[in-house]
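This report refers to the structure that appears directly beneath it.
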Protein chains: 2
Amino acid sequence: MKSTINDVAARAGVSIKTVSRVINNEPSVRPATRKKVMDAVEELHYQPNLAARNLAGTRSYTIALIYDNPNAYYVIDMQNGILEACKARGYELLIHPSNSKSSTVNDELRALVEHSKVAGVVLTPPFSETQSVIEEVKKLGLDYVRIVSSGAAEGDEDNCIQVDDTAAAYDITRHLIEHGHKRIGFLCGGEEHVSTHGRLEGYKEALQQAGITIDPELIVAGEYSFDSGVNGAKHLLEQDNPPTAIFASNDEMAAGALFAARLMHIEIPQQLSIVGFEDSPFSRQTWPKLTTAHQPNNEIAKCAAALVLNKARSKSAAESAAANKDAGILKKFVPELLVRDSTGDSPN
Amino acid sequence: MKSTINDVAARAGVSIKTVSRVINNEPSVRPATRKKVMDAVEELHYQPNLAARNLAGTRSYTIALIYDNPNAYYVIDMQNGILEACKARGYELLIHPSNSKSSTVNDELRALVEHSKVAGVVLTPPFSETQSVIEEVKKLGLDYVRIVSSGAAEGDEDNCIQVDDTAAAYDITRHLIEHGHKRIGFLCGGEEHVSTHGRLEGYKEALQQAGITIDPELIVAGEYSFDSGVNGAKHLLEQDNPPTAIFASNDEMAAGALFAARLMHIEIPQQLSIVGFEDSPFSRQTWPKLTTAHQPNNEIAKCAAALVLNKARSKSAAESAAANKDAGILKKFVPELLVRDSTGDSPN
DNA sequence: TGCCATATTGACAGCGTTGTCATTTAATAA
DNA sequence: TTATTAAATGACAACGCTGTCAATATGGCA
């Protein structure tokens, strides 16, 4: 039933090494030979055995996705995007949720390499933005791609997929300003995420450019969770001079803000506008539907995976750069404003 | 840095085969020897190489989770639960999202076995309840566990983790009846899920037992999605004699119903009670928070994984049954009623 | 035609385990 | 004791592939 490289070699009348060359796209195989082998592969439905490859080769055929788990939708999008890329190239994906607070990530990373022989990793925030993690990954000689907020790419652009939070946050804030809002509250995400700072930055820029003074009272700490959205919004709305709009750092917090508003019998968007960020499915499942910024997580994941895979299978940096160009991999994304029903004109 | 079985053997002064015996918990090793080996393992931080194990052994050390992807929270819960069990025993998890409509699952299953040498699979609905899939899995000689709605366990109880949807749905309906509701709408989930029928069953039982006639007008088809919740609820609420309560087959549909109610300016729970099912995180993130039935997905996943793992590592059925007993694996779960803010007394 | 350089192919040794089977050791019976 | 048997251990060949390096074609050129 299941055929091995030996079967293919026999059928094609060549040595197993030649078959190996063909399936790995190595040079120095005559076109005629290559064809013979490919035909045999086809006929036998041959698929290289991953365990054997991993064991024999220096490079491995599995990559890992490292993530903390704040948002199920985000994680699923990432997984699916990466899985697609992996499947296309015969790689395997190991998912590795970890806790960013208890910092055993480095040990886990090491175990991943030694134990499972992982070729590369895709790092998502906040790990992708944590210096010690990045260093460990480098030390382990792992190919990696970091999905980061633009600010965190530093001199490591080659290994980053950037999301321009600042630009997107600017657009969102602009949208509110254009609707006459002058007092706009801002609910921060977790401190450890660079995106938090990037989004705040965009918010401030838009305000400044519109000549609106930034009121620190309107900026409240939080951590990308529903509950922190509830609390943050309450805090804002109980002020003497409450904002007419709230910019929540992600959809989950926005849903929390919505919840708080409802508790206080505030009408959305008539009395208060609320915006989120990310366009996660449940921004469409609130009432009213959330105005947000669409972050194409699935696309981002696919690019990230393609990037590591290119690195992993190329010998030189130049070679992988060339492969990237061919594949049309995008390395910078700007989430796009998506106006739905939770925003409207300022009541004042 | 990374140590192999040879290093351990050398250190312990035994042959590699003996080390193998110890790490695989095989019999016929003298306690003293076992200890020597274990110490060496400890000291060298030895971890068996998975690729080698998979290649050499008849049994493999990776299991797969097969799922369709309706609900991100559900999937993540499953993954994490299984991952925990896997980690504890040195197994690896391969996630495999698939599409239940396009029925290539069987081919994918076969590929999984041949290509990656998967030892066992955890099947979630609807795959776990699809006859052809189950047969293929059996034919492939795979160890498997099916997470199913009680009705679907048939004569295969040994390989099933059952969720008693009927009992839970009964409780939920009872709760509504106790609040004076007599006209209770029911939003069905997808036809292909056995849970849909189980939940409907429980609803009917409770009604009948309370002497309330079942009105087919109040039962509407759907498919476990937000949108179908919106549409189903609209359909119910636009009737001449609309229900005073709606039982949605899952939280997502309940959120949809909430959305529809809001559109129609209906107050929850004053004018209408709404219940969901599953207790997914966002049943806590709606306003008002949803009354629902708590389904311990993470726990269920852990049990499921423990079950396959026991099967995979045991030679005989008896042996694995014994292991199960030891581990205290639960094989039947009844989701528990969780009363929150979306239900109240009937307005009539 | 003959020779050299280069392109193509193959033989063979691992990779780190487990499985099989032979060997040694301990335990029991005589 | 010694013979007999069972338990404990080890030697060695797989597993299916890749890497290394040697062997063989092939083509170009004198």
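Protein chains get the first letters and strands the later ones, always in sequence-line order, with residue 1 at the start of each. From a predicted model like this one, the values you see are computed outputs, not experimental measurements.
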Problem set entry | Sequence-distant partners of B/P296, side chain to side chain contact (heavy atoms under 4.5 Å, CB included), two or more places apart |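 Partners of B/P296 by the side chain to side chain contact (heavy atoms under 4.5 Å, CB included) criterion, ordered by chain and then number, come out as B/H294, B/E299, B/I300, B/F333.
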
Exercise. Which residues pass the side chain to side chain contact (heavy atoms under 4.5 Å, CB included) test with A/A64, sequence neighbours left out?
Worked result: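 Counting only residues at least two positions away or on another chain, A/A64 forms a side chain to side chain contact (heavy atoms under 4.5 Å, CB included) with A/I66, A/L94, A/L112, A/V118, A/V121.
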
Exercise. So what does A/P27 hit on the nucleic acid, given a heavy-atom distance under 4.0 Å: a base, only sugar-phosphate, or nothing?
Worked result: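 No contact.
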
Taking 4.0 Å as the cut-off, does a side-chain nitrogen or oxygen of [X] come that near to OP1 or OP2 on [N]?
X     : N      : result
B/N24 : C/dT18 : yes
B/Y61 : C/dG16 : no
B/R30 : C/dT25 : no

Could you check how far [atom1] of [X] sits from [atom2] of [N], rounded to whole Å?
X     : N      : atom1 : atom2 : result
A/K36 : C/dT8  : NZ    : C1'   : 12 Å
A/E26 : C/dT8  : CD    : C1'   : 13 Å
B/L50 : C/dG16 : CG    : P     : 14 Å
A/N54 : D/dG16 : CG    : C1'   : 12 Å
A/N49 : C/dC15 : CG    : P     : 18 Å
B/R34 : D/dA8  : CZ    : C1'   : 11 Å
A/Q47 : D/dC17 : CD    : C1'   : 15 Å

Exercise. Picking from B/P125, B/P126, B/S128, what satisfies side chain to side chain contact (heavy atoms under 4.5 Å, CB included) with B/V148?
Worked result: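 Of the listed options, the one satisfying the test is B/S128.
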
Where at least one partner belongs to [range], residue pairs that pass salt bridge (charged side-chain N to carboxylate O under 4.0 Å, His left out), sequence neighbours excluded:
range                     : answer
residues 5-17 of chain A  : A/R11-A/E43
residues 28-41 of chain A : A/K35-A/D39
residues 60-80 of chain A : none

Exercise. So which one's nearest nucleotide on DNA chain C is more toward 5', B/S20 or A/P31?
Worked result: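 Final value for this comparison: A/P31.
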
For this session: Determine, for A/E136 against A/R110, whether the closest basic-nitrogen to carboxylate-oxygen distance falls under 4.0 angstrom.
Result: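 Counted as a salt bridge, because a side-chain N and a carboxylate O are separated by less than 4.0 Å.
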
Exercise. Choosing from C/dG19, C/dT17, D/dT26, which nucleotide comes nearest the side chain of B/R53?
Worked result: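 So the nucleotide nearest the side chain must be C/dT17.
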
Problem set entry | A/T104: side chain to side chain donor-acceptor pair (under 3.5 Å) partners, not counting sequence neighbours |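 Only A/E108 meet the side chain to side chain donor-acceptor pair (under 3.5 Å) criterion with A/T104.
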
Problem set entry | Qualifying residues under side chain to side chain donor-acceptor pair (under 3.5 Å), relative to B/E84, sequence neighbours excluded |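 So B/E84 forms a side chain to side chain donor-acceptor pair (under 3.5 Å) with B/K302.
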
For this session: Report the end-to-end axis angle of the helix from C/dT1-D/dA30 to C/dA30-D/dT1; each axis comes from five terminal pairs, and the value is rounded to 10°.
Result: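 Its terminal axes enclose an angle near 40°.
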
Problem set entry | Per-nucleotide protein contact string for nucleotides 10-15 of chain D (B base, S sugar-phosphate only, - none; heavy atom under 4.0 Å) | BB---B

